[in-house]
Amino acid sequence: MRRVAGWFLNGLAVAAPLGLTAWAVVWAFRTVDGWLGLPYPGAGLAITLLGITMVGALASNVIATRAVGLLDRLFERLPLVRLLYTSIKDLFEAFVGDKRRFTVPVLVPGEHGGDSRVLGFITHEGVAALGLADYVAVYLPFSYSVAGRVIFFPVAQVARVDVDGGEAMAFIVSGGVTDLTPRAARAE
């Protein structure tokens with residue numbers, strides 16, 4: 001009976017991630033297809049991806065860059081829209097684009113004192129405007145979540161880690177079960 005239970009748990013460990021991922025992909029396809037009223041599975045997602053790529057290509061154009069800048073300034077001046085727009089914009093820029101913020105993984109002292117350490121990301125090097133001249137802002141994401149918190153640490157307590165930011169984020173979000181490879185080892 002123990003052997004059968006072990007097989008079941010092994011099967012669950014393999015099938016659950018595959019099944020949940022497949023479900024999420026199918027849900028995304030059907031949702032986008034439903035919004036666009038398309039009868040062909042996946043056509044809406046393909047059209048959406050193509051449209052986003054075209055917007056990116058157009059936004060790279062000098063004239064379009066000015067238009068996007070104009071819209072950007074307009075949205076940043078509208079009272080309620082500003083809060084929503086700048087929050088969403090900052091979130092996306094933190095993960096993609098030229099202004100990515102989660103690229104410098106660091107270890108900082110843990111909450112429990114002693115020798116515990118927490119893995120996070122430097123998001124802002126200079127916080128002198130807050131009266132913290134020798135501090136940095138460190139974002140500490142929560143496992144299995146997109147949420148986290150920002151804590152200010154003295155520069156002397158922050159140790160940079162030689163791993164890729166994406167790998168470090170995957171390590172944190174997975175609860176520490178994914179592997180971390182030092183950058184030097186990957187270059188070999």
Side-chain angles (χ1 to χ4, degrees), residues 4-105 119-121 123-124 137-150 163-181:
V4 173
W7 289 340
F8 175 78
L9 292 175
N10 284 341
L12 187 62
V14 171
L18 290 172
L20 289 172
T21 301
W23 175 83
V25 169
V26 168
W27 176 84
F29 274 56
R30 288 182 177 164
T31 300
V32 173
D33 288 345
W35 289 339
L36 299 175
L38 299 172
Y40 306 106
L45 189 60
I47 290 170
T48 302
L49 293 174
L50 181 64
I52 291 170
T53 303
M54 289 176 60
V55 167
L58 288 173
S60 299
N61 181 321
V62 175
I63 296 170
T65 303
R66 289 183 181 160
V68 169
L70 180 66
L71 278 173
D72 190 53
R73 287 189 298 279
L74 175 67
F75 280 13
E76 287 181 356
R77 288 185 182 156
L78 298 172
L80 222 47
V81 174
R82 175 184 179 189
L83 177 65
L84 181 63
Y85 176 70
T86 56
S87 298
I88 292 171
K89 180 181 168 190
D90 289 345
L91 177 67
F92 273 90
E93 286 179 349
F95 287 101
V96 295
D98 298 333
K99 299 178 181 179
R100 284 190 299 237
R101 294 287 186 173
F102 303 121
T103 58
V104 184
L119 184 60
F121 300 89
T123 56
H124 215 283
V138 177
Y139 176 69
L140 302 172
F142 299 139
S143 296
Y144 300 105
S145 173
V146 295
R149 59 187 176 161
V150 175
V163 295
D164 177 69
E167 256 188 43
M169 183 64 84
F171 182 80
I172 295 167
V173 171
S174 73
V177 299
T178 62
D179 291 330
L180 286 174
T181 307

How close do Pro105 and Val163 get, heavy atom to heavy atom, and via which atoms? CG-O, 3.3 Å
To the nearest 0.5 Å, tell me how far Leu49 CG sits from Ile52 CD1. 6.0 Å
Contact between Val150 and Tyr139 at the side-chain level, heavy atoms closer than 4.5 Å - yes or no? yes
Atom CD1 of Ile172 and atom CZ of Phe142: how far apart are they, to the nearest 0.5 Å? 11.5 Å
To the nearest 0.5 Å, how far apart are CG in Asp164 and CE in Met169? 11.0 Å
So, taking the atom named CG in Leu70 and the one named CG in Leu74, what distance separates them when rounded to the nearest 0.5 Å? 7.0 Å
Leu80 atom CG, over 12 foreign heavy atoms within 6.0 Å: no
Arg82 and Glu76 have their tightest heavy-atom pair at CD-O, 3.0 Å
If you look at every heavy atom in Val138 and Thr123, which pair is closest and at what distance? N-OG1, 4.5 Å
